[in-house]
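Comments concern the structure below.
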Amino acid sequence: MPLARRSFILGGAHTPFLGKGHPDFVWQKHPDFGKRENPSLEETLLAAVDGALADTGVDPALVDRLYIGNFVGELFVNQGHLGAALVGCNPAFEGKPAARLEGACASGGLAMLAATDAIAAGADIVLVAGVEIQTTASARVGGDYLARAADYKRQRGIDDFTFPALFARRIKALSESAGLTDEDLAHIAAKAYANAALNPNAHMKARKMTFEEAASAGGRNPNFLGNEELAPFLKVSDCSQVSDGASALILVSERGLQKLGRSMADCAEVIGSGHAVSSLFVDGDPTELSTVRTAVHRAYASAGIGIQDVQVAEVHDCFTVAELLSYEAIGLAAKGQGGSVAASGRTALDGELPVNTGGGLIGFGHPVGATGVKQPLEIFRQMKGRCGDYQVDRPLSVGLTSNMGGDDKTVVSLVIRNCT
Ligand code: CAA
């Protein structure tokens, strides 16, 4: 469906994404342990919202509506009702309409869609945020919380780390049917860590991961699953991070731009969107991401573009195999050819279609509710030349996002065009 009223990204902000492996993250072996605490959900969200208001210069009193993506605040920090938490970020928001959207790791993408829908329905200035705090629990306990994004009753028992195991199952299927190798996946992990090393906000900015380390299990990169059948197929380097963080951005209509006295040239326009959802209770083909394909092709159709027009992309690399299969789902590679695209360097920062330039979910980090807001903001920042050391060194006019909840279940895709 074409968008009924035009929506423009005016700017926004990320907090640093924090967690184990980040030099500022306080955990048991950190010198500050016991002296200082990691930022709370309230502090993290406030930092992103204040950052978005500062970046855009928008007077908070002029914001018409607010949306927030969050998956499981109730479990990690005993906090739900986050629409009201978002309103609590600024006294000028008091009484304004606000709501939380939840679609597992696509919660942020759903918040973006709610905002474009609100603009289509007449709103002019909308604030969109995404937040998740996940480091309050161990990775193993967090694995149980995150398993709520799967069919819990049926799939929880596959492993303590349910989602890593579900994607190990995809790697196993591809290894057996299409000759997928550790090297194919290692190219994606090494790219993620190399990009993150250039990104000051990235969770893994200080962790080196060479192609050789990512290609073999052992040492700091073990096969960690308890499920003996699946364990050999997944290493720590294949996984996204357990991160705390938030992103927020301001979306405006044409009338909103007039109200703010701003020009279109300050913005990037959301020119297409796609949203697709598959049943939680049925497993799809493990060798493809069919819901991602449907959502992305809906976004292409609504924008009137195809993969040949895309110059930069943010895809949902919750695991290396998810990025590889996304190459196929977005039309960059034919079925079974995702590995050769990964190996070719085409999606590297200096490649012809850079993907996940700030490190993706593996390198930048994956505070799950924030990811779907982080992605379009990253496309905007790349288009406006704001990415510092990881800036793509040529003009970018069309970008794509693909934000996936669960194991290819809820997917939101956006097509974004730079306004000049
Ligand atoms: N040798 C053998 N085993 C080891 C090991 C070693 N050297 N180091 C660790 N392990 C094993 C241990 O069993 C350990 O568990 P316990 O300490 O509880 O025994 C386990 O690996 C995890 O170790 P850590 O807790 O030390 O690992 P970590 O904190 O570095 O976490 C990770 C690594 C488990 C891969 C973690 O980063 C992770 O869980 N990542 C995935 C997060 C995730 O699933 N996110 C959701 C993605 S899915 C999505 O996006 C869609 C959606 O809707 C949910």
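Both ligands and their constituent atoms are indexed starting at 1 by order of listing. In what follows, residues are counted from 1 in the order of the sequence shown.
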Kindly state whether the ring of His14 and the ring of Phe364 have centres lying under 6.0 angstrom apart.
-> yes
Can the ring centres of His187 and Phe211 be said to be less than 6.0 Å apart?
-> yes
For the residue pair Phe224 and Phe161, categorise the inter-ring angle as parallel (less than 30°), tilted (30 to 60°) or perpendicular (more than 60°).
-> perpendicular
Enumerate, one pair per line, all nitrogen or oxygen atoms of ligand 1 lying under 3.5 Å from a protein nitrogen or oxygen, stating the separation to 0.1 Å; write 'none' if no such pair exists.
| from | atom 1 | to | atom 2 | distance (Å) |
| --- | --- | --- | --- | --- |
| ligand 1 | 13 (O) | Arg140 | NH2 | 3.0 |
| ligand 1 | 15 (O) | Arg140 | NH2 | 2.9 |
| ligand 1 | 18 (O) | Arg140 | NE | 2.7 |
| ligand 1 | 18 (O) | Arg140 | NH2 | 3.3 |
| ligand 1 | 19 (O) | Arg140 | NH2 | 3.0 |
| ligand 1 | 26 (O) | Lys20 | NZ | 2.8 |
| ligand 1 | 29 (O) | Lys20 | NZ | 3.1 |
| ligand 1 | 40 (N) | Ser240 | O | 3.0 |
| ligand 1 | 50 (O) | His316 | NE2 | 2.9 |
| ligand 1 | 50 (O) | His366 | NE2 | 2.8 |
| ligand 1 | 53 (O) | Cys105 | N | 3.1 |
| ligand 1 | 53 (O) | Gly406 | N | 2.5 |

Would you kindly say whether Gln134 and Ser243 are connected by a side-chain donor-acceptor distance under 3.5 Å?
-> no
Which side chain to side chain donor-acceptor pair (under 3.5 Å) pairs, counting each pair once, include a residue from residues 16-32, with sequence neighbours left out?
-> Asp32-Arg36
Among Gln155, Arg154, Lys153, side chain to side chain donor-acceptor pair (under 3.5 Å) partner for Asp151 = Arg154
